[in-house]
Engineer: 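This is the structure I have questions about; it appears just below.
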2 protein chains.
Amino acid sequence: MLYAGFMSATLPPFPRPPQEPVDEPELLQLGSPEDSPCLRADAARNRARLLDAASRLIAEHGVAGVTMEAVAAAAQVGKGTVFRRFGDRTGLLMALLDHSSRTLQADFMGGPPPLGPGAPADERLRAFGVAVLYRLVEQLDLHLAAQSDPTRRFAHPSYRALHTHVTILLRQIAPDADCELLAQPLLSYLDPALIHHLVRQCGMPMERLEAGWVDLVSRVTGTAPSC
Amino acid sequence: MLYAGFMSATLPPFPRPPQEPVDEPELLQLGSPEDSPCLRADAARNRARLLDAASRLIAEHGVAGVTMEAVAAAAQVGKGTVFRRFGDRTGLLMALLDHSSRTLQADFMGGPPPLGPGAPADERLRAFGVAVLYRLVEQLDLHLAAQSDPTRRFAHPSYRALHTHVTILLRQIAPDADCELLAQPLLSYLDPALIHHLVRQCGMPMERLEAGWVDLVSRVTGTAPSC
DNA sequence: ACTTTAAACGGACCTCGGTCCGGATCGTAA
DNA sequence: TTACGATCCGGACCGAGGTCCGTTTAAAGT
């Protein structure tokens, strides 16, 4: 029963309302993992089963093996149930990533410096990038597969959380800049697809990516690394 | 008979060889539009028909209306033909963009300054971003839909061409930096998906995006705009 | 315990991208 | 002009994501 309490947001009944912004977990506040709409008992049980089944499938056949039908079958549940719970394949994969996502967020919002508060903002930013970088490569395939259609990528709460954090740090360093906008190219450097390209297709070593991040931060913020 | 000579590269027969890097149009050299493998007469005719049909469908039903079957039907051609010619849906859409792609490339490689050679590198870079920005918004939906799966985005020749250009400019400005890497966040700022998000979802005006680009270039290169 | 109702369930069904392969066609060389 | 091989064509076929709706069930109220 892994993944018991992930991504506790529920989706609207079934015929989802056309465009209404689905109520997503408030990642920005580290919402307690077990909160909110409180699923019905059977729904919660199935949800856990599904996540469990999915991660088992990944372990056995890779992300490509995570077919909605396969997951449903492995969890001994109807296909419709998978979609009702997670909306679509992307939603399911995101839910799988939710745990590490929350962990990272906790680290940079409340953990020890230099990632957490206490260190100078530019150092925190450098640490942030490196942390994200390593989190990504750890589960690169999953992150790649979880990239929803380009239309929703930037609007997704998990991206927004990162964006907000970077924006806030930037504001502490360069109060006069358009930090909200400036945060975007920084975050883009941490795009799973880019990492995939650089590491797997171009064969770059992680050290170079790391150095690239540090250099980027220095240039964008006009600061210099401490060490 | 619009689009007669776009993207003249042919794909291998049909059962495409597994992973062999399909011979793509050498965008980096502004290959003449009418070059290369020279399709058989009927193939060329169908190719033109298909592109024509596709652009007609877009005009009538938007990009979403461009179904492979719909295109085939509209061009009075078998479905298999579409796939043989363009590989997949992404390939078809890219082919539609090929024209403006080549135009832009010609402009920044051989056109008048500040886009083309003659102006200082940092000014060229600023002009480049603005040009790309406006090219994107002009056909944003098409660009969005043409985004292939994340795995191939950065490897595609049309991206490589932009990347190479930016890298070269950067090297003229900051010879000691890791320009190849530094070019990535700059290009990411010009990602259709990001533009879409900022303009349509956040409602930012183009002026702000433009200013953001100029500022980004200044910070990354450590230069200041001339005017 | 019994009723009630909103929520969850399941799996048939639809669409669309992508593949396959027997048959038609083009271009060429004799 | 004819014959031949490479290339192309077409549409049946498959798998996977996503939807629908009649049925079941948890849980709150009486």
Side-chain angles (χ1 to χ4, degrees), chain A residues 8-18 22-23 36-50 53-54 57 61-94 145-149 152, chain B residues 9-18 22 36-50 53-54 57 61-94 145-149 152:
Chain A
S8 10
T10 323
L11 267 42
F14 200 9
R16 268 165 288 151
V22 170
D23 81 51
S36 45
C38 197
L39 295 172
R40 229 171 68 174
D42 51 350
R45 174 179 48 84
N46 283 339
R47 183 192 152 75
R49 269 194 188 173
L50 284 167
L57 280 177
H61 308 106
V63 183
V66 181
T67 292
M68 294 308 257
E69 277 193 52
V71 174
Q76 290 181 301
V77 143
K79 192 177 172 182
T81 303
V82 192
F83 283 94
R84 189 175 329 93
R85 195 56 51 213
F86 299 103
D88 56 13
R89 200 177 109 106
T90 295
L92 172 60
L93 298 180
M94 293 293 261
Q147 290 245 342
S148 54
D149 70 317
R152 285 158 45 197
Chain B
T10 323
L11 268 42
F14 199 9
R16 268 165 289 152
V22 171
S36 45
C38 197
L39 297 171
R40 228 170 69 172
D42 51 350
R45 175 179 49 85
N46 283 339
R47 182 192 153 76
R49 270 193 187 175
L50 284 167
L57 281 177
H61 309 105
V63 183
V66 181
T67 293
M68 294 308 257
E69 277 193 50
V71 174
Q76 290 180 302
V77 142
K79 191 177 173 181
T81 304
V82 193
F83 284 94
R84 188 174 331 93
R85 194 55 53 211
F86 299 102
D88 57 13
R89 200 177 110 104
T90 295
L92 172 60
L93 298 180
M94 293 292 262
Q147 291 244 340
S148 55
D149 71 315
R152 285 159 43 196

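Predicted, not measured: the structure shown is a model, and the values here were computed from it. Chain letters run A, B, ... following the sequence lines, proteins first, then strands; residues in each count from 1.
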Engineer: Rounding to an integer number of Å, can you tell me how far A/Phe86 CZ sits from D/dA16 P?
Structural biologist: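 The answer, rounded to whole Å, is 20 Å.
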Engineer: Run the side chain to side chain contact (heavy atoms under 4.5 Å, CB included) check on B/Arg85 and B/Asn46 step by step: do they pass?
Structural biologist: CA-CA 9 Å; B/Arg85 194 55 53 211; B/Asn46 283 339; over 6 Å; no
Engineer: What is the distance, to the nearest angstrom, from the CD atom on B/Glu69 to the C1' atom on D/dG10?
Structural biologist: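 Value for this atom pair: 12 Å.
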Engineer: Let me spell it out: for each of B/Thr90 and B/Ala41, pick the nucleotide of DNA chain C with the closest heavy atom. Which residue's pick is nearer the 5' end?
Structural biologist: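 In this pair, the answer is B/Thr90.
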Engineer: Looking at D/dA6, D/dA27, D/dC9, which one has an atom nearest to any side-chain atom of A/Arg40?
Structural biologist: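 Closest nucleotide to the A/Arg40 side chain: D/dA27.
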Engineer: Rounding to a whole Å, what distance do you find between A/Lys79:NZ and C/dC13:P?
Structural biologist: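 One finds 13 Å between P of C/dC13 and NZ of A/Lys79, rounded.
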Engineer: Over all heavy atoms of both residues, which pair between A/Thr90 and A/Ala146 is shortest? Give the atoms and the distance, please.
Structural biologist: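 Nearest pair, atom of A/Thr90 first, then A/Ala146: CG2-O, 3.3 Å.
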Engineer: What is the distance, to the nearest angstrom, from the CG atom on A/Asp88 to the P atom on C/dT15?
Structural biologist: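 Distance, rounded to whole Å: 20 Å.
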Engineer: Should A/Arg84 be listed as having a side-chain N or O under 4.0 Å from OP1 or OP2 of C/dC9?
Structural biologist: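 Answer is yes, contact under 4.0 Å.
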Engineer: Given C/dG17, C/dC13, C/dC9, identify the nucleotide with an atom nearest to the side chain of B/Arg89.
Structural biologist: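 Ranking C/dG17, C/dC13, C/dC9 by closest atom to the B/Arg89 side chain puts C/dG17 first.
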Engineer: Measure CG/B/Leu92 against P/C/dC16 and give the value in whole Å, please.
Structural biologist: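 Spelled out: CG on B/Leu92 to P on C/dC16 is 15 Å.
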Engineer: If you find the nucleotide of DNA chain D closest to A/Thr67 and the one closest to A/Asp42, which residue's nucleotide is nearer the 5' end?
Structural biologist: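 Looking at the nearest nucleotide for each, A/Thr67 comes out on the 5' side.
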Engineer: Using a 3.5 Å cut-off and no angle test, enumerate the donor-acceptor pairs between side-chain atoms of residues 61-74 of chain A and protein atoms at least two apart in sequence or in another chain.
Structural biologist:
residue: A/Glu69; atom: OE2; partner: A/Lys79; partner atom: NZ; Å: 3.3

Engineer: Specify the separation, in whole Å, of atom CZ of A/Phe83 and atom P of D/dT19.
Structural biologist: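 Answer to the nearest Å: 7 Å.
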Engineer: Measure across B/Phe86 and B/Leu92 and return the closest heavy-atom pair with its distance rounded to 0.1 Å.
Structural biologist: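 Distance-wise, the nearest heavy atoms are CB-N, 3.6 Å.
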Engineer: Can you list the steps and then say if A/Asp42 with A/Arg45 is a salt bridge (charged side-chain N to carboxylate O under 4.0 Å, His left out)?
Structural biologist: CA-CA 5 Å; A/Asp42 51 350; A/Arg45 174 179 48 84; 5.4 Å; no
Engineer: Rounded off to whole Å, could you give me the CE-to-P distance for the A/Met68 and C/dC14 pair?
Structural biologist: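 Distance, rounded to whole Å: 20 Å.
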Engineer: Ignoring backbone atoms, test whether A/Thr81 places a side-chain nitrogen or oxygen under 4.0 Å from the OP1 or OP2 oxygen of C/dA8.
Structural biologist: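 No, no such contact exists.
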Engineer: Can you check the B/Arg45 CZ to C/dT25 P distance for me, whole Å?
Structural biologist: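 Taking atom P of C/dT25 as the reference, CZ of B/Arg45 is at 11 Å.
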Engineer: Taking only side-chain N and O atoms of A/Asn46, does any of them lie within less than 4.0 angstrom of OP1 or OP2 on C/dA8?
Structural biologist: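 Checking C/dA8 against A/Asn46, no side-chain N or O comes under 4.0 Å of OP1 or OP2.
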